[in-house]
Amino acid sequence: MSKDLKFLVVDDFSTMRRIIKNLLHDLGYSNVTEADDGKTALPMLQAGNFDFLITDWNMPGMPGLDLLKAVRADAKLAKMPVMMLTAEAKREQIIEAAQAGVNGYVIKPFTAETLKEKLDKILGAGK
Amino acid sequence: MSNFSILKSEYGTYVEALSEALARGDEPGFFAAVDHIVHMREPKMFAEIRRLTGDLQKALDRFGIESRLADIAEHEIPNARARLTHVINMTDEAAHRTLDLVERSGPLAERTAREAGALLDALGAFRERAAGSGFEGIARSVEAFLPVVRALEAFLPSARSDSEQIRRNLAEVLLAQGYQDLTGQIIRSVIKLVEELENALGNLTRLSGGLVEHTSLGESPSAGHGPAVPGVTQGEVASAQTDVDALLSGLGM
C-alpha cells in the first residue's frame, strides 16, 4: 500500500487535528494537511491533489456532511475516499452519511486500532 | 370642561339637526346628519381597534417568549446541567487516564536510565582493567569484558520492551486528548442556549417599550448535534463503533 497518500484532515478543533495527524504519522502516512471546516477544505481539495479526506461532522461554517455532498457533486473529486470521524452517533445520521456516499464512519472517542482498521478497509476496497 | 360637555359641544349641533330633520320628515337631511355623526365616531373607533390589535399582538409576543422561556427553564436548563456534568466526567476521565499513563511510563524510563548507567559503569571498569599489553593484557581484557557482555545482555531486551511500552503509553496519552474536542462541542451547545436565554430575556424587557425582536438560533439541518450525552440525547444513538459497523454493514457497506 502506498504510504505517500496525501491526506486532508478537517476538524474545527486543532487538538483533534493534531491527534489524527499523529496517528496517521504512526501508521506511516506523513503527508497530512489540515483544514478547520468544510468551507476552507473544499477549495483546498479542488486545488490540491489529495488522495484521502478525513472529516468531522459538526463544524461551524460548512458541516462535514455538506462537505461530503460537495465532494461527491464535484466531478473531479467525486471518487475520493471520505472517512467521517465524528461524535455524531445518531442512527439516522449514520444512514444519511452512508446515503451521501461516505466510505467509512468512525465515532469519537475512537482508538488507533479502529482508525487503522477502517483506513485499511477503505484503501483495500479502492484497489 | 367635563367630558360630557365636550361631547355636547361636538355632537350637539348634529343631534339637533337630526331631530329637526326627523320632525320635518326631511329624509336626505336626516341621513346627512346620521352620516356626519358616524364619520365623527369612525376615527375614534379605528384608533380603539388599532390599540386593541396592538395589545393583542404584544400579548401574543409575550406569550411566545414566555412559553419559550418556560420551555428553556423546564427542559433545556436541566439538559444543560446534565451536559456540563458530563463534561466534568469526561475531563476527569481523560485527566486520570493521562496521569495513569504518565505514572506507568515514569518507572520504565527510570529503569532504562538506571540500567544504562550500570552499563556505563561496567564499561568504565573494563577500560581500567584492560589496560596493559601482551598476553597477560589480552587475557585480562577478555576476563574483564565478560561482566560488560552480561550487563549488555540484561539491558538491551528490557530497554527495548520498556521503550516500546513507553511509546504505546504516549500514543494513548495522545488519544486521551480527544476529550478537548468532545467537551468543547458540548460546551458550545450550552453557550448557544445561554445566548438564546439572554435574547429571550432581553426581548421580554424590550416588549414593555413595544420593541420586539424575534431571534431564533436556527441551524441548518446538516449542522449536527454534537456528542451524545447520557440521559440527554434522544433517539437511537450508536454507543460504540461496533454499532456503527453493524448499521453500515446492514446498509451494504
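The line from CG of B:Leu170 to CG of A:Asp26 is 10.0 Å long, rounded to the nearest 0.5 Å. Atoms CD and CE, from B:Gln185 and A:Met16 in turn, are 8.5 Å apart once rounded to the nearest 0.5 Å. Rounding to the nearest 0.5 angstrom, the gap separating the CD1 atom in A:Ile107 from the OG1 atom in B:Thr242 is 8.0 Å. A distance of 8.5 Å separates NZ in A:Lys118 from CG in B:Leu248, rounded to the nearest 0.5 Å.
For A:Lys39, the NZ atom counts as loosely surrounded, since its 6.0 Å shell holds 12 or fewer non-hydrogen atoms of other residues, nucleotides or ligands. For CD of B:Gln165, the number of neighbouring non-hydrogen atoms (other residues, nucleotides, ligands) closer than 6.0 Å is greater than 12. For B:Arg168, the CZ atom counts as densely surrounded, since its 6.0 Å shell holds more than 12 non-hydrogen atoms of other residues, nucleotides or ligands. The local environment of CZ in A:Arg18 is sparse, with at most 12 non-hydrogen atoms from other residues, nucleotides or ligands closer than 6.0 Å. Heavy atoms of other residues, nucleotides or ligands lying less than 6.0 angstrom from NZ of A:Lys6 number more than 12.
Applying a 4.5 Å heavy-atom cutoff, none of the residues of residues 108-122 of chain B approach chain A.
Residues B:Arg188 and A:Asp12 are paired through a salt bridge, judged by an N-O separation under 4.0 Å between the basic side chain and the carboxylate.
Residues A:Ala87 and B:Leu182 share a closest heavy-atom pair of CB-CD2, 3.5 Å. Here the closest non-hydrogen pair linking B:Leu175 and A:Ala112 is CD1-N, 3.5 Å. Between A:Thr15 and B:Asp181, the shortest heavy-atom contact is OG1-N, 4.2 Å. Here the shortest heavy-atom pairing between B:Leu251 and A:Ala98 reads CD1-CB, 3.8 Å.
Among B:Ala228, B:Ala171, B:Gly250, B:Ala240, the residue with the largest count of heavy-atom pairs under 4.5 Å with chain A is B:Ala240.
Between A:Phe110 and B:Gln241 the shortest side-chain heavy-atom distance does not fall below 4.5 Å.
Residue B:Asp243: no heavy atom, backbone or side chain, is found under 4.5 Å from chain A. When heavy atoms are compared at a cutoff of 4.5 Å, A:Asn103 approaches chain B solely by way of its backbone atoms N, CA, C and O. Contacts between B:Leu174 and chain A at a heavy-atom distance below 4.5 Å involve backbone atoms as well as side-chain atoms. Both the backbone and the side chain of A:Leu23 come within less than 4.5 Å of a heavy atom of chain B.
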B:Val244 and A:Val106: CA distance, side-chain angles, deciding distance, side chain to side chain contact (heavy atoms under 4.5 Å, CB included) verdict: CA-CA 8 Å; B:Val244 179; A:Val106 174; over 6 Å; no
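For the pair A:Glu88 (side chain) and B:His225 (backbone), a donor-acceptor distance under 3.5 Å is present.
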